[in-house]
Protein chains: 2
Amino acid sequence: MNATRQALIDSMKELLWLRGYDATSPNQVLDHCGAGKGSFYHHFKGKKALAIEAMNARVDELIADFDLIFGSDLPWLNKFQQYLLQPRTGIKGCPMGRLVSDPSISDNELRTPIDRYFKHLLMHMSMTLSQAQQAEQLDENTSPVILAETVVSAIQGGFIISRALHDDQSVNSACLGVFSLLKGLARQAEPMAVAG
Amino acid sequence: MNATRQALIDSMKELLWLRGYDATSPNQVLDHCGAGKGSFYHHFKGKKALAIEAMNARVDELIADFDLIFGSDLPWLNKFQQYLLQPRTGIKGCPMGRLVSDPSISDNELRTPIDRYFKHLLMHMSMTLSQAQQAEQLDENTSPVILAETVVSAIQGGFIISRALHDDQSVNSACLGVFSLLKGLARQAEPMAVAG
DNA sequence: GTCTATACACCGATAGAC
DNA sequence: GTCTATCGGTGTATAGAC
């Protein structure tokens with residue numbers, strides 16, 4: 001892979017996190033990585049094409065981190081504990097979540113990587129919760145799908161509060177709060193009933 | 001109050017919700033309300049000044065709605081029920097929450113109305129929760145401040161998920177989920193009927 | 001108070017030399 | 001593959017007539 005091409009992707013990845021899509025211009029990307037306009041339009045059809053590659057690279061990164069925890073054989077509650085209690089820098093925002101407010105993201109091609117990221121989180125969290133219910137380790141009155149949505153929302157919303165109040169810690173409070181609520185639903189597995 | 005001036009504020013309010021701050025240009029505001037450039041810069045120092053007035057007007061509106069519920073004498077859980085189970089149009093996003101991702105919002109003057117909105121929600125929710133604890137109607141193991149942050153985060157994050165998945169209902173699922181979790185912490189010092 | 005004309009910077013993209 | 005020059009369009013704001 002060409003080094004300039006990779007540098008363009010890396011710079012776009014960084015600037016998307018820092019300023020979002022609409023507010024990031026090709027010129028800013030070029031300044032950031034020291035490339036020239038000619039390289040940009042040689043390697044990519046345009047801003048949108050580069051952004052999609054950069055977003056997909058970021059999603060791969062984030063999903064790999066997520067899978068380290070949710071793909072492990074930790075007990076279900078410990079998975080959520082590890083994921084939710086990771087320290088986050090609230091004001092920076094979520095590299096994916098912050099993009100959805102950009103007007104251009106209503107374009108479906110631009111939205112695809114973001115959709116992929118959140119669908120992955122939601123699906124694997126709700127699978128974990130569903131298995132916990134089957135093992136009688138989780139209260140059965142709440143739907144795993146809705147519960148997963150609530151957890152992901154608490155994280156994303158925590159970033160919003162952090163930026164709104166200019167306070168890096170708000171997101172961590174929100175994550176702690178939703179973890180406490182989740183912990184309240186944990187049940188000790190009871191001995192398996194024997195049919196007959 | 002001059003009618004043109006008011007029309008400019010109303011149009012900016014609308015466009016801020018629709019497109020955010022950075023992506024809304026003075027020309028778009030003028031097209032939206034039919035005013036001319038001269039009127040704009042006669043009544044307002046510039047885009048930023050108009051946006052601040054429009055944001056403050058929106059916050060007043062949202063806070064009035066919020067206070068209708070949280071300023072009432074409903075039981076604490078019913079307040080959260082009414083507020084959280086209001087149907088929301090997820091893809092439109094929260095008129096305040098969507099603004100925090102705009103790079104320009106790191107400017108403190110622009111952030112002030114947003115800060116005021118969220119501080120109001122958080123303070124009054126945590127007061128309600130604190131009083132519920134004193135009345136022994138709410139589990140005492142979780143901090144009211146953290147719980148309030150979790151509730152507001154679930155709403156805001158729900159909007160993010162809605163926009164990410166292009167699904168109006170995600171935000172309502174997230175709100176339902178956090179309400180269920182909250183309901184699980186209710187204690188019956190006195191008889192309380194709660195549907196849902 | 002409102003209008004039109006204008007200024008200047010930056011946007012995303014292209015052309016063509018090397 | 002990379003560079004510089006340039007394009008048409010738009011953003012924010014100002015000037016000055018009426």
Side-chain angles (χ1 to χ4, degrees), chain A residues 1-56 98-99 101-113, chain B residues 1-55 98-99 101-111 113:
Chain A
M1 167 96 66
N2 176 291
T4 303
R5 182 186 157 84
Q6 188 60 51
L8 285 163
I9 294 175
D10 290 342
S11 289
M12 181 54 109
K13 249 173 75 181
E14 200 56 33
L15 290 172
L16 282 178
W17 193 356
L18 203 64
R19 310 193 20 94
Y21 178 79
D22 284 324
T24 298
S25 71
N27 278 327
Q28 289 172 338
V29 178
L30 300 177
D31 287 349
H32 187 271
C33 71
K37 211 140 236 183
S39 298
F40 186 107
Y41 288 98
H42 171 75
H43 290 292
F44 301 95
K45 194 183 153 202
K47 170 181 168 178
K48 178 173 156 182
L50 170 57
I52 290 174
E53 284 214 39
M55 286 159 73
N56 274 317
R98 76 152 295 151
L99 298 176
S101 300
D102 277 308
S104 302
I105 297 294
S106 53
D107 177 298
N108 271 326
E109 287 181 296
L110 281 169
R111 197 176 52 78
T112 298
Chain B
M1 167 98 63
N2 177 288
T4 303
R5 181 187 158 85
Q6 187 60 49
L8 285 162
I9 294 174
D10 290 342
S11 289
M12 181 55 109
K13 248 173 74 182
E14 201 55 34
L15 290 172
L16 282 177
W17 194 356
L18 204 64
R19 313 197 11 98
Y21 177 80
D22 283 324
T24 297
S25 72
N27 278 327
Q28 290 171 337
V29 177
L30 300 178
D31 288 349
H32 186 272
C33 70
K37 214 142 235 181
S39 299
F40 186 106
Y41 288 98
H42 171 74
H43 290 293
F44 302 95
K45 194 183 153 201
K47 170 181 168 178
K48 178 173 156 183
L50 170 57
I52 290 175
E53 283 215 38
M55 286 161 73
R98 75 153 296 150
L99 298 175
S101 300
D102 277 308
S104 302
I105 298 294
S106 55
D107 177 298
N108 271 326
E109 287 181 294
L110 281 169
R111 196 176 52 78

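A, B, ... follow the sequence lines: proteins, then strands. Residue 1 opens every chain.
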To the nearest 0.5 Å, atom OG of B:S106 lies from atom CZ of A:R19 at 8.5 Å
Between A:A23 and A:G38, whichever has its closest DNA chain C nucleotide further toward 5' is A:A23
Rounded to whole Å, CZ of B:F40 lies from C1' of C:dT4 at a distance of 17 Å
d(B:I52 CD1, B:L110 CG) to nearest 0.5 Å is 5.0 Å
Separation of D:dT12 atom P from B:L50 atom CG, nearest Å, is 11 Å
Atom NZ of A:K37 and atom P of D:dC7 are separated, to the nearest Å, by 14 Å
Between CG of B:L30 and C1' of D:dT12 the distance, given in whole Å, is 11 Å
Rounded to whole Å, CG of B:L110 lies from P of D:dT12 at a distance of 12 Å
* Would you indicate, yes or no, if C:dT2 has its OP1 or OP2 atom less than 4.0 angstrom from a side-chain nitrogen or oxygen of B:H43? => yes
Separation between CZ (B:R5) and CD (B:E53), nearest 0.5 Å, reads 4.0 Å
Query raised in the report: Think B:S25 has a side-chain N or O under 4.0 angstrom from the OP1 or OP2 of D:dT10?
Result: no
- side-chain N/O A:N27 vs C:dC11 OP1/OP2, d < 4.0 Å: yes
Of the listed D:dT2, C:dA13, C:dC3, the closest approach to the B:S39 side chain comes from C:dC3
note: B:K47, atom NZ; D:dT10, atom P; distance rounded to Å ~ 16 Å
In this structure, CG of B:D102 is separated from CG of B:D22 (nearest 0.5 Å) by 4.0 Å
Exercise. Respond yes when some side-chain nitrogen or oxygen of A:Y41 is under 4.0 Å from OP1 or OP2 of C:dT14, and no when none is.
Key: no
Taken to the nearest 0.5 Å, the spacing of A:M55 CE from A:Y21 OH works out to 9.0 Å
Would you tell me if any nitrogen or oxygen in the side chain of A:H42 comes within less than 4.0 Å of OP1 or OP2 on D:dT2? no
Against the side chain of B:Q28, the closest entry in D:dT4, D:dT2, D:dG11 is D:dG11
